Amino acid sequence: MTDQNPATVVLTGATSGIGAAAAQLLAGSARRLIVHGPEPASAVRPLLDRLRSAGRAEVVYVPADFDRLDDVVALADHVAGTTDQVDVLINNAGRPGAPQRRCSGDGYEATLQTNYLAAVLLTERLLPLVPGTGRVVHVASATHLSTTFDLDDPQLRRRYEPTTAYARSKLALVAHAVREAAHIRPGIVSVHPGVVATTLLHAMFAVRGEPASRGGENVVAALRSDVPSGAYLDEQQVAEPAGQVRDARFREDLHRLTMTLLGPWLDGTS
């Protein structure tokens, strides 16, 4: 990216919290803003009206439930039917770790699917539309520094904890960005948006948090041209990611596992 005024932006998880705050900022600069949420359009009409009045952007809303990877494919297809170029893809959609281990409709641990597998699948499906000057942003979390990802137990069958489920899904996102920076032409980065007062935060942690507007600013700042591809940002500063992320063998093993899990949705056999 050369600036923070992209032509077309796709932003997932845009109907609340950090995503809604980032959408408000991008509505004032992008020409087309394609926003996603799990709700039907009728349930988020006030937000869409605010976005449309915030700037020049053409605002398109696409609902999808990331508990179903078929919905992610449908979202990608809808985007491809709306535009022939995506300058920025921001994978912001996320969920807290559930109080008890739960599987998605596709049989995967739900936090891993929504926070990681869905983001990777959407990225893979939209990459043909992203030019070399474009950028992919994964909204991650500093909690990834507190965990490791057990490749022998990706579904957390042995021992499940909500905060572990969340943190390791974000570790996988950071690792994906680092790995893909060496393999794709568009820039790709991950960002910890700060400790922000959202429903997601309060579902897991007893802390106050900063306003969502601060998180939105930190996400949009990841589009700066001086942020190198593969970088992990702690708010707006390039920082060192977790040690496991820096392990090239782990990144490749995680990539192989991810492609295996997503195989039916990548080759169209789901």
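Worth saying up front: this structure is predicted, and the values here are computed from it rather than measured. Computation of the quantities below employed the complete heavy-atom set of this structure, encompassing side-chain atoms and omitting hydrogens, waters and symmetry-equivalent molecules.
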To check you understand the geometry: which heavy-atom pair defines the closest contact between [X] and [Y], and what is its length?
X	Y	answer
Ala221	Val227	O-CG2, 4.2 Å
Gly94	Asn115	CA-OD1, 3.1 Å
Pro162	Ala98	CG-O, 3.3 Å
Ala177	Ile188	O-CG2, 3.5 Å
Thr123	Ala119	OG1-O, 2.7 Å
Ala212	Ala21	O-CB, 3.4 Å

- Stepwise side-chain contact (heavy atoms from CB on, under 4.5 Å) test for Arg159 and Thr164: CA-CA 9 Å; Arg159 182 179 178 184; Thr164 299; over 6 Å; no

Is a donor on one side and an acceptor on the other found under 3.5 Å between the side chain of [X] and the backbone of [Y]?
X	Y	result
Lys170	Leu145	no
Asn218	Glu235	no
Asp106	Leu69	yes
Arg56	Gly28	no
Arg135	Arg224	yes
Arg125	Asp77	no
Arg251	Val245	yes
Thr8	Asp87	no

- With distance as the sole criterion, is a donor-acceptor pair present between the side chains of Thr15 and Tyr61 under 3.5 Å?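 No, Tyr61 and Thr15 have no side-chain donor paired with an acceptor closer than 3.5 Å.
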
Can you find a pair of side-chain heavy atoms, one from [X] and one from [Y], that are under 4.5 Å apart?
X	Y	answer
Arg158	Asp150	yes
Ser190	Leu173	no
Val191	Val189	no
Leu26	Ile90	yes
Ile34	Val62	yes
Tyr232	Glu240	no
Leu254	Arg179	no
Glu180	Glu124	yes

Over 12 foreign heavy atoms within 6.0 Å of [atom1], [X]:
X	atom1	answer
Arg185	CZ	no
Arg52	CZ	yes
Gln237	CD	no

- Message: Check this for me, if you would: do Arg168 and Asp153 make a salt bridge, where the nitrogen-to-carboxylate-oxygen distance has to be below 4.0 angstrom?
- Response: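 Looking at Arg168 and Asp153, the cut-off is not met.
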
- Between Glu109 and Arg101, is the closest basic N to carboxylate O distance under 4.0 Å? no

- Message: Determine whether Leu233 and Val238 satisfy the following criterion, side-chain contact (heavy atoms from CB on, under 4.5 Å), listing intermediate values before the conclusion.
- Response: CA-CA 4 Å; Leu233 297 173; Val238 176; 3.6 Å; yes

What distance do [X] atom [atom1] and [Y] atom [atom2] have between them, rounded to the nearest 0.5 Å?
X	Y	atom1	atom2	value
Cys103	Arg157	SG	CZ	6.5 Å
Gln244	Leu151	CD	CG	6.5 Å
Leu117	Leu122	CG	CG	12.5 Å
Leu156	Thr111	CG	OG1	8.0 Å
Asp65	Thr114	CG	OG1	7.5 Å
Asp84	Leu129	CG	CG	7.5 Å

- Message: Parallel, tilted or perpendicular: which one describes the rings of His36 and Phe66, with boundaries at 30° and 60°?
- Response: parallel

- With side-chain contact (heavy atoms from CB on, under 4.5 Å) as the test, would you mind laying out the steps for Val120 and Leu262 before giving the verdict? CA-CA 9 Å; Val120 174; Leu262 291 177; 3.8 Å; yes

- Got a sec, which residues hit ring-ring contact (aromatic ring centres under 6.0 Å, His included) with Phe149, two or more places apart in sequence or on another chain? none

- Query: For the ring pair (Phe, Tyr, Trp, His ring centres under 6.0 Å) test, which of His192, His176, His144 pairs with His138?
  - Reply: His176

- Going hydrophobic residue to hydrophobic residue with side-chain gaps under 4.5 angstrom, can you get from Leu112 over to Tyr160? no

- Apply side-chain contact (heavy atoms from CB on, under 4.5 Å) to Val35 and Leu48, showing your working. CA-CA 9 Å; Val35 291; Leu48 299 178; 4.0 Å; yes

